[in-house]
Amino acid sequence: MKEQLQALVLDAIDALRAAGTLPAGDTPAFVIERTKNRAHGDFATNAALLLARQAARKPRELATALVDSLPAAMLVERVEIAGPGFINFFLARAAYVDEVRRVHAEGARWGHGTTGAGRTAGVEFVSANPTGPLHVGHGRAAAIGDSIARVLAANGWHVVREFYYNDAGAQITNLALSVQARARGIEPEAPTWPADGYRGDYIKDVARAFLDREAIYSEGERVLASGDVDDLDAIRRFAVAWLRREQDQDLKAFGVRFDVHFLESSLYDQGKVEETVHQLTARGHTYEEGGALWLRSTAFGDDKDRVMRKSDGSYTYFVPDVAYHLSKWQRGYERAITELGSDHHGSLARVRAGLQALDCGIPEGWPEYVLHQMVTVMRGGEEVKLSKRAGSYFTLRDLIDEAGRDATRWFLTARKSDSQLTFDIDLARAQSNDNPVYYVQYAHARVASVMRQLAERGMAHDQTHGLAHLDRLDSQAELDVMVELSRFPEVVEAAGANLEPHLVTIWLRDLAAAFHGWYNTNQFIVDDAELRDARLALAGAVRQALANGLELLGVSAPESM
RNA sequence: GCGCCUGUAGCUCAGCUGGAUAGAGUACUGCCCUCCGAAGGCAGGGGUCGCAGGUUCGAAUCCUGCCAGGCGCGCCA
């Protein structure tokens, strides 16, 4: 709809330029937008306001000229000029009816766009170190990242979901030492406990499994515990495999899958880290100081230079990070989205600087970052502390177990990622109207229920008949539903363009509200077959639309509840 | 001290990248089931958009300066 109106306005502008009312020149980026107020029609444009200066005429005057040059269109019933010079479009009901037919014709693909044109977008998210269970912050990352991936796919991108494991750094050594200590029966309070050891109870479980010589199957590989407490390398491999398996299970329970599990260690194994350092040095962007090798990242927008190779010969974490992102580029990711906790935002400038210094054609804003703020969990009116060290560790799994997958995913995506989020467990698990997830799911189940009721009364729904008589839907409530329905393609596009999946949750709520309002004022199953089939056709379109929206969030669309 | 993010109804949050009278949910008040699911609907009250300037036809939105909160600022990841 929006595109059609846009085309009409552009035609009108061309006509005015041809007539000399407007001088030749660039057309400013005017907006076609939904109006807030029904009295202002369905859509409005500010084109006349923006073009007024260029034309050296008053905005309202120019608006009149624009309206006069507007080509006729079935879509538009009437046009008004309002306020300082807005052009308001009142759409014909037929425009909305057409959209209902489109929903039925396109089904699960309805609302999807083509801006991605099959190009590849890599979405990296979660990327938790395999040193502990996933916590609630990882849950937010998983929910947001996966929804972004879904939304991009719905916009025609070929999406690759990617999880990066930091399995090569000092933290992994810490993990291995911690497990080793536990295997030897050492408690975190003991003087011989490793300095930065992981104190959580899960370390005990890993140690026990190692001593019991368990085998772990993960990513098609089998890791067998040797049970040899002195073999730190064996402990490391086992512990990493054990924790990866845990994380994989949690993510699976959350409905999140990855296409690529990328190991940091593989960058070392394949010499990619060395190669990156070599390239940066060859291009003259490095220097030695104090026994360390530095990257002159300040030349590429960073606020200080960064050490790449420490004086002990090992690399800082950001070098493999650059090598990793380079590999994404080399694998043809036209867009790369990296979803991170905002506490990592310091690494953005550094990684981008490193990529620019490689001088291999990577655009300046690549990769794109989506940062999410902290999650605080409330239960019984009190904050649930997430202390890793103390071992009293509230995990993603705990949250899913308590609140359910659907509510957890909904709540974690329903907010803009850059605002802090308060997760109220009592609300999320409430089976009541306090809970927005149920409100939307209930609307979906209600349609399904009506269809069941129809069958119980020995009737059948003739969809073709209904779609042919949608003109019978002449109530305000029905128009409200159709208007909400028609917004979905715009929501999908905006959510994809801005990487903001929370827009989908807002729209779902609006559509559900319009539907519930309609349901309460109109009986669907009526004797008049024409009217009945028409109403059921619209109800069916609502069900499909809700399902399509929920799918973008990874939330289920139940037939009954 | 410097950088990033946030500040909108009692509470939780939207506000479509500058538009018209700032919106939802929740809580509160009053209504609506002999009727397809009341996990629903309708109506009402509730606001100095943190504060102060600026930019222009027009600012919650952009700029500057303050105030408050969060997160960063390692040869840690």
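Residue numbers start from 1 in every chain, and the chains themselves are labelled A, B, ... in the order their sequence lines are given, proteins ahead of strands.
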Visitor: Can you find a donor-acceptor N/O pair under 3.5 angstrom joining the side chain of H344(A) to the base of G72(B)?
Guide: no
Visitor: What heavy-atom pair brings E264(A) and G169(A) nearest, and what distance separates the two atoms?
Guide: OE1-N, 4.0 Å
Visitor: So H40(A), base contact, sugar-phosphate only, or nothing? Heavy-atom distance under 4.0 Å.
Guide: base
Visitor: Which part of the nucleic acid does L503(A) contact within heavy-atom distance under 4.0 Å: base, sugar-phosphate only, or nothing?
Guide: sugar-phosphate
Visitor: For RNA chain B, whose closest nucleotide is more 5', that of K310(A) or that of T422(A)?
Guide: T422(A)
Visitor: Remember a base hit wins even if backbone is also touched, and classify D321(A) as base, sugar-phosphate or nothing at under 4.0 Å, heavy atoms.
Guide: nothing
Visitor: I'd like the C1' distance from C66(B) over to U21(B), given in whole Å.
Guide: 32 Å
Visitor: Decide, for U17(B), between syn and anti: a glycosidic angle within 90° of 0 counts as syn, anything else as anti.
Guide: syn
Visitor: What do you reckon, do F86(A) and the base of A20(B) stack, with centroid distance below 5.5 Å and planes below 30°?
Guide: yes
Visitor: Which part of the nucleic acid, if any, lies within reach of H502(A) when heavy atoms closer than 4.0 Å are counted: base, sugar-phosphate only, or nothing?
Guide: sugar-phosphate
Visitor: In whole Å, what separates the C1' atom of G15(B) from that of A60(B)?
Guide: 8 Å
Visitor: Give N522(A) one of three labels, base, sugar-phosphate or nothing, depending on what nucleic acid heavy atoms sit under 4.0 Å from its own.
Guide: base
Visitor: Exactly one of H344(A), E368(A), K328(A) should register a side-chain contact (heavy atoms from CB on, under 4.5 Å) with T338(A). Which one does?
Guide: K328(A)
Visitor: For the base of A20(B), is there a side-chain donor-acceptor partner from N88(A) under 3.5 Å away?
Guide: yes
Visitor: Heavy atoms under 4.0 Å, any strand shown: does K416(A) hit a base, just sugar-phosphate, or nothing?
Guide: sugar-phosphate
Visitor: Would you call C33(B) syn or anti, using the 90° rule around 0?
Guide: syn
Visitor: For the pair R532(A) and E530(A), find out whether any cationic side-chain nitrogen is under 4.0 Å from an anionic carboxylate oxygen.
Guide: no
Visitor: For a quick check of understanding: with a heavy-atom distance under 4.0 Å over all strands, which category does D424(A) fall into, base, sugar-phosphate or nothing?
Guide: nothing
Visitor: What contact category does S560(A) fall into here, base, sugar-phosphate, or nothing, at under 4.0 angstrom with non-hydrogen atoms?
Guide: base
Visitor: What interatomic distance, in whole Å, is found between P of G46(B) and the corresponding atom of G65(B)?
Guide: 37 Å
Visitor: Please determine whether a side-chain nitrogen of the Lys or Arg among R487(A) and E490(A) lies less than 4.0 Å from a carboxylate oxygen of the Asp or Glu.
Guide: no
Visitor: For nucleotides C33(B) and G45(B), find the distance between their P atoms and express it as a whole number of Å.
Guide: 24 Å
Visitor: How is G291(A) classified with respect to the nucleic acid when contacts are heavy atoms under 4.0 Å: base, sugar-phosphate, or nothing?
Guide: nothing
Visitor: Which nucleotide in the set C13(B), G25(B), G69(B) lies at the smallest distance from any side-chain heavy atom of Q420(A)?
Guide: G69(B)
Visitor: Regarding D533(A) and R472(A), does a basic nitrogen lie under 4.0 Å from an acidic carboxylate oxygen?
Guide: no
Visitor: Can you tell me, in whole Å, how much space there is between the C1' of A22(B) and that of C32(B)?
Guide: 30 Å
Visitor: Just call it for R309(A): base, sugar-phosphate, or nothing, with non-hydrogen atoms closer than 4.0 Å on any strand.
Guide: nothing
Visitor: For S419(A), report the nucleic acid contact type (base, sugar-phosphate, nothing); a contact means any heavy atom under 4.0 Å.
Guide: sugar-phosphate
Visitor: Can you establish whether the number of heavy atoms outside D312(A) located under 6.0 Å from its atom CG is more than 12?
Guide: yes
Visitor: Record whether the side chain of D303(A) comes under 3.5 Å of the base of G3(B) through a donor-acceptor pair of N or O atoms.
Guide: no
Visitor: Before accepting this row, confirm whether a basic side-chain N of the pair D196(A)/R199(A) lies closer than 4.0 Å to the acidic partner's carboxylate O.
Guide: no
Visitor: When you measure from the side-chain N and O atoms of Y439(A) to the phosphate of G41(B), is any distance below 4.0 Å, counting only OP1 and OP2?
Guide: yes
Visitor: Quick one: is K58(A) getting a side-chain N or O under 4.0 Å of the C57(B) phosphate, OP1 or OP2?
Guide: no
Visitor: If we take the C1' atom in both G37(B) and G18(B), what is their distance in whole Å?
Guide: 45 Å
Visitor: Does Y317(A) get its side chain close enough to the base of A77(B), under 3.5 Å, for a donor-acceptor pair?
Guide: yes
Visitor: I'd like the C1' distance from U29(B) over to G72(B), given in whole Å.
Guide: 47 Å
Visitor: Which part of the nucleic acid, if any, lies within reach of Y519(A) when heavy atoms closer than 4.0 Å are counted: base, sugar-phosphate only, or nothing?
Guide: base
Visitor: Which part of the nucleic acid, if any, lies within contact of I506(A), taking any heavy atom under 4.0 Å across all strands shown: a base, the sugar-phosphate backbone alone, or nothing?
Guide: sugar-phosphate
Visitor: Looking across every strand, which nucleic acid part, if any, lies under 4.0 Å from A513(A) by heavy atom: base, sugar-phosphate, or nothing?
Guide: nothing
Visitor: Would you say G37(B) has OP1 or OP2 under 4.0 Å from some side-chain N or O of S449(A)?
Guide: yes
Visitor: Can you tell me how far C1' in C16(B) sits from the matching atom in A20(B), rounded to whole Å?
Guide: 16 Å
